[in-house]
Amino acid sequence: MYVRTTKRENKSGTVRYLHLAHNEWDPVKGRAVPKVLFTFGREDELDRDAIRRLVASLSRLLEPGQALEANAAPGLDFTGSVPFGGAYVLDHLWHQLKIDKIAGRVGQPKRGRPREMSATERVLFALVANRALAPSSKLAAAEWITHDVHIDALASTDDDACYRAMDWLHEVKDDLEKQVFDEVANLLNLEVDLLFFDTTSTYFELEEPDEPVARDEKGNRQDATGEGEGEGDQGPDGPDAAKPAGFRTHGKSKDSRDDLPQIVIGMAVTRDGIPVRVWSWPGNASDQTLIRQVKDDMRDWTLSKIVWVADRGFSSDRNRRYLRSGTDAYIIGEKLRSGSPEVKQALSRQGRYQDITGNMRVKEVRISDTERFVICHNPEAADRDRHTRDQLVAQLTELIADTDKLSDFKRGELRGKITDKPGLNRYLRTTPAGKLRIDQARIKTEENLDGKYLLRCSDPKLSAEDIALGYKALLEVERGWRDMKQVIDLRPVYHRLEERIRAHVLLCWLALLLVRITETTTGDTWPRIRRELDRLHLGTFTGPTGTFQQVTTPTKPQQDLLTKLGIPAPKQIAGLQPAPR
């Protein structure tokens with residue numbers, strides 16, 4: 001296919017016309033003849049803007065690299081292209097948060113010549129971008145940085161440089177987290193009156209857990225002198241709380257992999273879903289003690305009053321007393337099936353529910369002078385609970401039908417199998433004679449709990465609606481864990497050294513921070529944003545005068561994303577290297 005020119009004579013002279021044509025074989029003439037597909041009109045009246053729009057439209061039908069190759073001028077060789085848009089956007093956010101400058105400040109020696117951190121900062125950013133765009137091992141990340149993406153001011157790297165950047169990140173963790181938070185708070189005008197905290201675990205496919213070593217009460221490894229890695233060795237539980245433990249060790253897995261060693265990870269998130277800090281502990285760490293350390297660590301940031309929001313795994317008496325010390329307060333879920341006096345009193349109190357949203361009703365009950373209790377009821381969840389219970393009871397009824405005719409041994413064997421299924425076992429009772437029956441009293445008790453959950457709050461000023469909606473926003477932490485594991489690929493973790501594993505978690509946190517800021521600002525999901533930005537490519541061309549790099553023209557969706565993020569469109573020519581003389 002080519003542009004064909006024809007001429008026509010008129011009174012004013014020769015007029016040239018342009019056509020889009022291609023050659024077709026004519027069997028009669030025995031040769032190829034031109035066939036006109038489209039006529040552009042007179043050459044001197046050509047609408048070049050229309051031609052440009054046509055070329056852009058046709059280019060969208062090609063892959064970005066193919067479009068660049070098709071538009072290459074004669075005499076230029078197209079040598080390849082790499083995705084450009086994702087790293088370009090993340091790098092601008094990185095600079096908006098001033099993480100490049102923070103990296104140059106933290107970890108500097110108090111005396112002597114300052115370290116040059118520009119190279120380390122670029123590798124660190126590239127590793128964070130890798131988690132957000134193409135999660136992989138550090139060895140594969142070095143290949144990706146060198147060959148498969150454009151990172152500004154970092155043409156290539158190797159795995160040794162990646163490991164050095166991770167080791168530095170582990171050393172400066174506390175200072176970096178604090179200064180990054182300050183910049184995020186300024187950039188987004190964050191509200192940190194409510195701070196949500198939750199933990200998760202990630203497992204390692206190892207045959208044996210790590211060897212136990214001495215640790216302080218914060219889970220940091222102690223050296224021979226008894227000094228820990230982190231700052232401050234006196235935590236809320238005192239020095240006797242420290243126990244030897246391996247970092248990757250067995251514990252209660254939230255991934256249902258109790259058979260494998262794991263670590264525990266905690267995260268603090270704002271009501272907007274912005275992750276402000278992350279922690280790592282040995283795999284046998286207990287949720288009941290961790291939140292007290294988290295409160296102490298956040299106190300060092302000199303924040304104003306914080307209302308801590310956590311789920312029922314952190315609801316011990318000691319935790320509640322600790323969280324409300326000072327000016328802070330808490331909103332914590334309570335286990336409805338715990339059988340505690342407070343739960344029984346709260347559920348037995350009469351009162352009218354107040355509708356606050358389409359699927360949420362709340363009722364505050366007064367049973368304490370120091371705490372407030374709010375019962376939340378979700379009618380839709382109640383219907384789901386009822387339907388699930390009916391299915392379980394029907395299944396259980398079928399399992400125990402005619403079991404009175406079985407021997408005591410066979411009945412006991414069936415009873416043991418049902419015990420391994422908590423959903424079914426909840427509605428089973430055994431008579432004094434060993435007969436299996438449906439527990440009707442338990443069913444009636446469960447009916448009273450359908451769609452309900454109970455909240456404790458120590459703040460006297462929050463309304464019942466604010467308490468309920470505040471706790472509901474705890475789902476932002478769960479969304480953070482889901483994205484950390486499924487989008488940023490927290491695991492598998494390709495490291496065995498504790499410091500590197502901790503640094504890997506920090507890289508994932510930084511990537512999640514940039515991702516969540518992008519989502520919050522644009523109102524779109526990161527997978528969709530990433531897919532659109534990856535279509536913005538950088539092509540490399542070589543010719544007699546040298547080598548240059550050109551960015552594909554941003555599409556309308558790409559332009560809209562950049563506008564929402566306040567990021568300028570990239571320059572069309574990204575790099576130019578004249579040929580040596």
May I have the list of side-chain donor-acceptor pairs in residues 259-273 shorter than 3.5 Å, sequence neighbours left out?
from   : atom 1 : to     : atom 2 : distance (Å)
Asp259 : OD1    : Arg257 : NE     : 3.0
Asp259 : OD2    : Arg257 : NH2    : 2.9
Gln262 : OE1    : Ser201 : OG     : 3.3
Gln262 : NE2    : Lys252 : O      : 3.3
Gln262 : NE2    : Gly283 : O      : 2.9
Thr270 : OG1    : Asp272 : N      : 3.3
Thr270 : OG1    : Ile274 : N      : 3.3
Arg271 : NH2    : Asp193 : OD1    : 3.3
Arg271 : NH2    : Asp193 : OD2    : 2.9

What donor-acceptor contacts under 3.5 angstrom involve side-chain atoms of residues 308-315, with partners at least two apart or in another chain?
from   : atom 1 : to     : atom 2 : distance (Å)
Trp308 : NE1    : Asp328 : OD2    : 3.4
Asp311 : OD1    : Gly313 : N      : 3.0
Ser315 : OG     : Arg312 : O      : 2.8

Donor-acceptor contacts under 3.5 Å from residues 460-476 side chains, at least two apart:
from   : atom 1 : to     : atom 2 : distance (Å)
Ser463 : OG     : Asp466 : N      : 3.1
Ser463 : OG     : Asp466 : OD2    : 3.2
Glu476 : OE1    : Arg479 : NE     : 3.2
Glu476 : OE1    : Arg479 : NH2    : 3.0

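Using a 4.5 Å cut-off on side-chain heavy atoms (C-beta onward), Trp144 and Leu133 make contact. With contacts defined as side-chain heavy-atom distances shorter than 4.5 Å, the pair Thr520/Leu188 does not qualify. In this structure, Asp385 and Leu449 have side chains that are not in contact, with every pair of non-hydrogen atoms separated by 4.5 Å or more. The shortest distance between side-chain heavy atoms of Asn130 and Ile145 does not fall below 4.5 Å. Under the 4.5 Å side-chain criterion, counting only non-hydrogen atoms from C-beta, Phe181 is not in contact with Arg277. Looking at heavy atoms from C-beta onward, Leu195 lies in side-chain contact with Val276 at the 4.5 angstrom threshold. Between His387 and Asp383 there is no side-chain heavy-atom pair separated by less than 4.5 Å. Using a 4.5 Å heavy-atom threshold, the side chains of Trp301 and Glu177 count as touching.
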Given Gln293 and Asp297, is the side chain to side chain donor-acceptor pair (under 3.5 Å) satisfied, shown in steps?
CA-CA 6 Å; Gln293 176 197 328; Asp297 289 346; 3.3 Å; yes
How far apart are the C-alpha atoms of Tyr330 and Arg324, what are their side-chain angles, what is the distance that settles it, and do they pass the side chain to side chain donor-acceptor pair (under 3.5 Å) test?
CA-CA 7 Å; Tyr330 61 76; Arg324 67 172 176 256; 3.1 Å; yes
Derivation and outcome, salt bridge (Lys or Arg N to Asp or Glu O under 4.0 Å), residues Arg442 and Glu446
CA-CA 6 Å; Arg442 184 57 182 268; Glu446 290 292 318; 3.2 Å; yes
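The shortest heavy-atom contact between Gln96 and Ile567 is NE2-CG1, 3.9 Å. Across all their heavy atoms, Arg215 and Phe247 have their closest contact at NH2-N, 3.2 Å. Smallest separation of non-hydrogen atoms from Val180 and Ile102: N-CD1, 3.8 Å. Among all heavy-atom pairs drawn from Lys295 and Tyr322, the shortest one is CE-O, 3.0 Å. Of all the heavy atoms in Trp279 and Met298, the pair that sits closest is CH2-SD, 4.0 Å. When all heavy atoms of Cys376 and Val362 are compared, the closest pair comes out as SG-CG1, 4.1 Å.
Both the sub-6.0 Å distance and the 45° axial angle are satisfied by Arg491 relative to the ring of Tyr203.
Salt-bridge check for Arg221 with Glu498: passed, with a basic side-chain N closer than 4.0 Å to an acidic carboxylate O. Ion pairing between a basic and an acidic side chain is recognised when a charged N comes within 4.0 Å of a carboxylate O; Arg389 and Asp450 show such pairing. A salt bridge links Asp317 to Arg320: one of the charged nitrogens lies within less than 4.0 Å of a carboxylate oxygen. Classification of Arg299 and Asp296 as a salt-bridged pair holds, one side-chain N sitting under 4.0 Å from a carboxylate O.
Here the NZ atom belonging to Lys363 is positioned 8.0 Å from the CG atom belonging to Leu347, to the nearest 0.5 angstrom. Rounding to the nearest 0.5 Å gives a distance of 12.0 Å between OH of Tyr88 and CD of Gln558. Separating the CD atom in Glu499 from the CD atom in Glu171 is a distance of 9.5 Å, to the nearest 0.5 Å. The CG atom of Leu507 lies 6.0 Å from the NZ atom of Lys138; values are rounded to the nearest 0.5 Å. To the nearest 0.5 angstrom, Ile501 atom CD1 is 14.0 Å from Tyr494 atom OH.
Within a 6.0 Å sphere centred on NE2 of His95, heavy atoms belonging to other residues, nucleotides or ligands number more than 12. Within 6.0 Å of the NZ atom in Lys178, the count of heavy atoms belonging to other residues, nucleotides or ligands exceeds 12.
When atom types are taken as modelled, the side chain of Ser338 and the backbone of Lys335 share a donor-acceptor pair closer than 3.5 angstrom. Formation of a donor-acceptor pair under 3.5 Å by the Asn359 side chain with backbone atoms of Asn378 is not found in this model. A distance-only check finds a donor-acceptor pair linking the side chain of Asp216 to the backbone of Asn220 [under 3.5 Å]. A distance-only check finds a donor-acceptor pair linking the side chain of Arg502 to the backbone of Ser280 [under 3.5 Å]. The closest donor-acceptor contact from the side chain of His170 to the backbone of His504 lies at 3.5 Å or more, if one exists at all. Panel note: side chain Arg113, backbone Pro109; no donor-acceptor pair is recorded below 3.5 Å. Within the 3.5 Å criterion, the main-chain N or O of Ser253 finds a donor-acceptor partner in the side chain of Asp258. One N or O on the side chain of Ser348 and one on the backbone of Gln345 form a donor-acceptor pair closer than 3.5 Å. A donor-acceptor pair under 3.5 Å is formed between the side chain of Gln108 and the backbone N or O of Arg115. Side-chain atoms of Trp526 do not come within 3.5 Å of backbone N or O of Thr518 as any donor-acceptor pair.
A salt bridge (Lys or Arg N to Asp or Glu O under 4.0 Å) check over residues 116-134, counting only residues at least two apart or in different chains, returns the pairs Asp91-Arg122.
Using bins of under 30°, 30° to 60° and over 60° for the plane-to-plane angle, the ring pair Tyr353/His377 lands in the tilted bin.
In the model, Asn284 has no side-chain atom that pairs as donor or acceptor with a side-chain atom of Thr249 under 3.5 Å.
The only option from Lys254, Lys485, Glu478 that meets the side-chain hydrogen bond (donor to acceptor under 3.5 Å, both in side chains) definition with Thr200 turns out to be Lys485.
Applying the salt bridge (Lys or Arg N to Asp or Glu O under 4.0 Å) rule to Arg530 yields no partners; only residues at least two apart in sequence or on another chain are considered. Contacts of Arg349 classified as salt bridge (Lys or Arg N to Asp or Glu O under 4.0 Å), with partners at least two apart in sequence or in another chain: none.
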